[in-house]
Amino acid sequence: MIDVRSDTVTRPTPEMRQAMAAAEVGDDVYGDDPTVNRLQDLATKLSGHEASLFVPTGTQSNLIALLSHCQRGDEYIVGADAHTYKYEGGGAAALGGIQPQTIAFADNGELPLDQVAAVIKEDDPHFAKSRLLCLENSQHGRVQSLEYMQSAQAFAKQQNLILHLDGARVCNAAVKLNQSLKTVCQCFDSVSICLSKGLGAPVGSVLCGSKEFIRTAHRWRKVTGGGMRQAGILAAAGILALTDGYERLHKDHTNALALDKLLQGVHGCSVKSAWTQTNMVWVDYEHDHSQSLPEFAASHGVLMSVGRNTGRLVVHRDISQDDIVVVADVIKAYLHQA
Ligand SMILES: *Cc1c(COP(=O)(O)O)cnc(C)c1O
């Protein structure tokens, strides 16, 4: 099957499985796992932050970042469609007493800073304390510019807000911007990076920030489920994700552009080409094909998810140039007979 539902579906490469099998391990709860320590050191070096923490998921990573930065009765400002707000079970509110204040993403994936300014609350007992601004880059495949991130950094400083990046796909953003990961990550007080998306690891995320922040996050990792023991087996895959996986991401971006091109002008759908910046292609459909298109595609060897009138096709390391053509052909064949 050609699976373009998400970049989370990548399978570990043979090299990854080999590295996992050969990984030197210890008990990470004692800080003894050399491979986990190597992964954390690598994330620290690449992000330019002081310290890093290996966590099982991006959701837990964002959650413990919010728990570390904020107190009960604080609020964080976040995009209305942001993963951290919408797709993480309301964890910050449920477990941390941290209230979200949402604002809509602009069409380029930015949170307009004047709109952020407008929702920041005065120091008054009527209001929650505005503590943190959370950005997401890439957001639905769209990349915010370095200039925007730098102005967000200056703005946050001026407004006394902590700035966190949900950088699930920040490596895709850095590649697109032709900037080092460090340059991007330096705009933020903390960054969460998923190893298990386009980078290709089976499991894991890393959270990066100051030494003091990571010490607090380590405590919250314990509170939200504890530590993993011989986690070096997973960290070994994470190291390859941050090196080889990172280096090849540009191929996914090229393939996504090729898929975008193949779908241009196809009757019954319209490609949101302005959003094809990294590894996602967003397609609007004239009609609701949310049931029938995935069924048709699956019967032709392609797995895809389609919402009511829009769907995303996600390119990743297990999708070849030939697969791209098959995906486009299947959509064309479906729309032709629909
Ligand atoms: C996937 C994702 C996460 C969470 O990662 P999981 O590892 O699935 O918990 C966070 N933010 C964004 C933008 C994501 O795409």
Side-chain angles (χ1 to χ4, degrees), residues 3-12 39 43 52-67 76-92 94-95 100 102 104-105 108-111 132-144 149 163-176 181 184-185 188 190-209 217 220-221 224-225 228 231 234-235 237-238 241-242 245 249 252 256 275 277-282 305 307 311-317:
D3 194 343
V4 289
R5 290 172 302 171
S6 175
D7 47 9
T8 54
V9 302
T10 51
R11 307 287 162 87
L39 169 65
S52 302
L53 187 67
F54 183 41
V55 282
T57 71
T59 299
Q60 192 181 2
S61 188
N62 283 323
L63 174 62
I64 67 178
L66 289 168
L67 291 171
Y76 71 112
I77 301 165
V78 61
D81 280 328
H83 201 282
T84 315
Y85 166 64
K86 199 171 170 183
Y87 300 98
E88 296 180 6
L95 303 174
T102 60
F105 282 115
N108 60 6
E110 293 178 5
L111 290 180
L132 180 141
L133 172 60
C134 178
L135 301 181
E136 188 177 308
N137 203 3
S138 62
Q139 208 286 318
H140 286 182
R142 300 169 295 184
V143 174
Q144 296 128 63
M149 290 186 281
L163 189 60
H164 173 71
L165 180 69
D166 176 359
R169 297 187 179 85
V170 65
C171 296
N172 294 86
V175 166
K176 169 69 184 180
L181 191 58
V184 174
C185 290
F188 300 90
S190 55
V191 180
S192 169
I193 306 171
C194 280
L195 305 171
S196 59
K197 303 233 159 128
L199 298 179
V203 174
S205 284
V206 282
L207 180 62
C208 310
W220 280 116
R221 188 183 70 177
T224 54
M228 298 184 288
L234 300 171
L242 274 178
L249 277 184
D252 295 341
W275 292 26
Q277 297 177 16
T278 51
N279 65 333
M280 292 184 198
V281 180
W282 288 82
S305 32
R312 68 170 198 189
L313 306 165
V314 187
V315 176
H316 50 78
R317 74 185 301 164

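Every number for a ligand or one of its atoms is a count from 1 in the order of the listing.
- Annotation for ligand 1: atoms under 4.0 Å from non-hydrogen atoms of Thr59 are 4 (C), 5 (O), 6 (P), 9 (O).
- The NZ atom of Lys197 sits 9.0 Å away from atom OG of Ser138, with the distance rounded to the nearest 0.5 Å.
- The closest approach between Glu88 and ligand 1 falls below 4.0 Å for a heavy atom of the residue.
- In this structure the side chain of Leu181 reaches within 4.5 angstrom of the side chain of Cys171, judged on heavy atoms.
- For the residue pair Glu88 / His83, a side-chain donor-acceptor distance below 3.5 Å is found, with atom types taken as modelled.
- At least one heavy atom of Lys197 sits closer than 4.0 Å to an atom of ligand 1.
- Within the listing of ligand 1, atoms 15 (O) sit less than 4.0 angstrom from a heavy atom of Arg169.
- Atom numbering of ligand 1 starts at 1 in the shown order; those under 4.0 Å from a heavy atom of Thr57 are 7 (O), 9 (O).
- Residues Leu195 and Ser205 have side chains not in contact (no heavy-atom distance under 4.5 Å, counting atoms from C-beta outward).
- Interface of Asp166 with ligand 1, defined as ligand atoms under 4.0 Å from a residue heavy atom, comprises 10 (C), 11 (N), 12 (C), 13 (C).
- A donor-acceptor contact closer than 3.5 angstrom links the side chains of Asn62 and His164.
- With ligand atoms numbered from 1 in the order given, ligand 1 contributes 10 (C) to contacts under 4.0 Å with heavy atoms of Asn62.
- Taking every non-hydrogen atom of Gly58 and a distance limit under 4.0 Å, the qualifying atoms of ligand 1 come out as 4 (C), 5 (O), 6 (P), 7 (O), 9 (O).
- Rounding to the nearest 0.5 Å gives a distance of 4.0 Å between CZ of Phe105 and CD of Gln139.
- Those atoms of ligand 1 that come under 4.0 Å of a heavy atom in Cys194, given as number and element, are 5 (O).
- Residue-level proximity to ligand 1 for Glu136 is carried by the side chain, the only part with a heavy atom below 4.0 angstrom.
- One finds the NZ atom of Lys176 at 13.5 Å from the CG atom of Leu249 (value rounded to the nearest 0.5 Å).
- In this structure, Leu67 CG and Leu95 CG are separated by 6.5 Å, a value rounded to the nearest 0.5 Å.
- Distance from atom 4 (C) of ligand 1 to its nearest protein heavy atom, with residue and atom name: His83 CE1, 3.4 Å.
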